[in-house]
There are 2 protein chains.
Amino acid sequence: MSKDARNDARNKVRDAAIALFAQKGVKATTIKDIARAAGVSEGALYRHWASKEELAAALFAAEYTALSHDLSAAAGGGPAPQRLRRVVAWAFGLVEAAPDRARFLLLSQHDALPLVPDGLETPVDAVCAIVGDGIAEGSIVDADREALAHTVIGAIVLNIQSHVYGRQTAPLGALADTVADALLRGLSTGKGA
Amino acid sequence: MSKDARNDARNKVRDAAIALFAQKGVKATTIKDIARAAGVSEGALYRHWASKEELAAALFAAEYTALSHDLSAAAGGGPAPQRLRRVVAWAFGLVEAAPDRARFLLLSQHDALPLVPDGLETPVDAVCAIVGDGIAEGSIVDADREALAHTVIGAIVLNIQSHVYGRQTAPLGALADTVADALLRGLSTGKGA
DNA sequence: TCGTTATGAGTGAACGTTCACTCAAATCCT
DNA sequence: AGGATTTGAGTGAACGTTCACTCATAACGA
């Protein structure tokens, strides 16, 4: 059997599972659901993952680290405030570009976060690093960097969440500047890097 | 049976269920778990709630509206920035005073929020109202009030979440000022009310 | 090149377990 | 006594997981 076919099955299961997990959550999604949506048998799934829980944990860890990596890339270079502004805009854009990924991460975090192995690079780490740089260069106020990073991420996540749940009806793109302005006024010293 | 005893059973089930839901989540908590922890039979539970799902939804709605009410009370009066500062401190204090309530609300929000009936007063509404007052009195920058409210709540929630999950080890009390300072620098106009 | 064998992903019915929910009998209260 | 309430073993459906078997492809030998 060719390697392409092998990856096809894996990828089909992965995509189907993420979409279903994103819609109904991990617990409410059955193996039958996933197999049917992916167009494979239930048994085939167990050739690639040991259990449903391991499948969910593996998918979450992969998406979580990818998010962290993409976030760092989107931040780019330059002074920390500018990088944070890019992070906000990028995160809001991601929801519209890949709603399943975003919803999957939002929905599964409470189940899956405790299963993520320690030492993995997380999005929190990435933002922490930017904030730390900002403190070092004097462009971000000198305070607990984790608390500031959580403040930034929380502001992003809750705006996204409320959008995903249909509470916030204004398009996210229009809010990026509002949220970024408020956060940066709060975190910046006003001095350039 | 006296009304007190009836309420006793209800309250015992409610407390036990919240503690278990907070530890394992709703789906992973069984009726047997709840009945055993509350010291009642499984059947007795169905005299008060029609199903496990209804029990979870009712508990969440009650805690959610209570949270909203308590939050408004904790905010007190005066200029909006001061009220928001009190909200931050109160929320952080709540986690230490009633960790089960906080954890239950955090864990169940994705399952239960869609079931909360429309028109119920939510914590988001309460913060929105404060922000709206601030905009009206000129003490809060004039921007989308929902986006600003989500920014405030997100910052609070993510700091709490990271504390509950053991990532943030600094005591929450020590972070209240850091987070409130950052948020208020971001939202205030600097003009008094 | 062509026939034979080895590989391992894929299949899906069957299995055992878990769990929400029921109900006949027991218990309690007035 | 008689209604209200509680009990917990029982029920049936749903679900994750298994496993004996299939078959397309790869690897091999002559």
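Throughout, a chain's letter reflects where its sequence line sits, starting with A, and its residues are numbered from 1.
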**Request:** Could you state the atom-to-atom distance from CZ of A/R36 to P of C/dA13 in whole Å?
**Result:** 12 Å

**Request:** Kindly work out whether a path of hydrophobic side-chain contacts (I/L/V/M/F/W/Y, heavy atoms less than 4.5 Å apart) joins B/L172 to B/Y165.
**Result:** yes

**Message:** Reading DNA chain D from 5' onward, which residue's closest nucleotide shows up sooner: A/A28 or A/A50?
**Reply:** A/A28

**Message:** Just the rounded figure in Å: distance from C1' of C/dT18 to NZ of A/K52.
**Reply:** 13 Å

**Request:** Measure from the side-chain N and O atoms of A/D181 to the backbone N and O of A/T178, and report whether any donor-acceptor pair falls under 3.5 Å.
**Result:** no

**Fill in**
Taken to the nearest whole Å, CD1/A/I31 to P/C/dT11 is 14 Å

**Item:** Distance, rounded to the nearest Å, where A/K27 contributes NZ and C/dA20 contributes P
**Value:** 11 Å

**Message:** In whole Å, I'd like the distance from the CD atom of A/E54 to the P atom of D/dT17.
**Reply:** 10 Å

**side chain to side chain donor-acceptor pair (under 3.5 Å) between B/E53 and B/S51, worked out** = CA-CA 5 Å; B/E53 193 172 343; B/S51 68; 5.5 Å; no

**Message:** Without decimals, in angstroms, what is the distance between A/Y46 OH and D/dT17 C1'?
**Reply:** 5 Å

**Asked** To the nearest angstrom, how far is B/K12 atom NZ from D/dT6 atom C1'?
**Response** 12 Å

**Asked** Which nucleotide, C/dA20, D/dC15, C/dT11, lies nearest any side-chain atom of B/T30?
**Response** C/dA20

**Value in whole Å for how far the P atom of C/dC21 lies from CG of B/L55** = 10 Å

**Message:** On DNA chain D, does the nearest nucleotide to A/E42 precede the nearest nucleotide to B/K32 from the 5' side, or the other way round? Give the residue.
**Reply:** B/K32

**Prompt:** Looking only at side-chain N and O atoms, does A/H48 come under 4.0 Å of OP1 or OP2 in C/dG10?
**Reply:** yes

**Message:** Does a side-chain N or O of A/R47 approach OP1 or OP2 of C/dG10 to a distance below 4.0 Å, or not?
**Reply:** no

**Message:** Checking side-chain polar atoms at under 3.5 Å, does A/T30 have a donor or acceptor matched by the opposite partner on A/D33?
**Reply:** yes

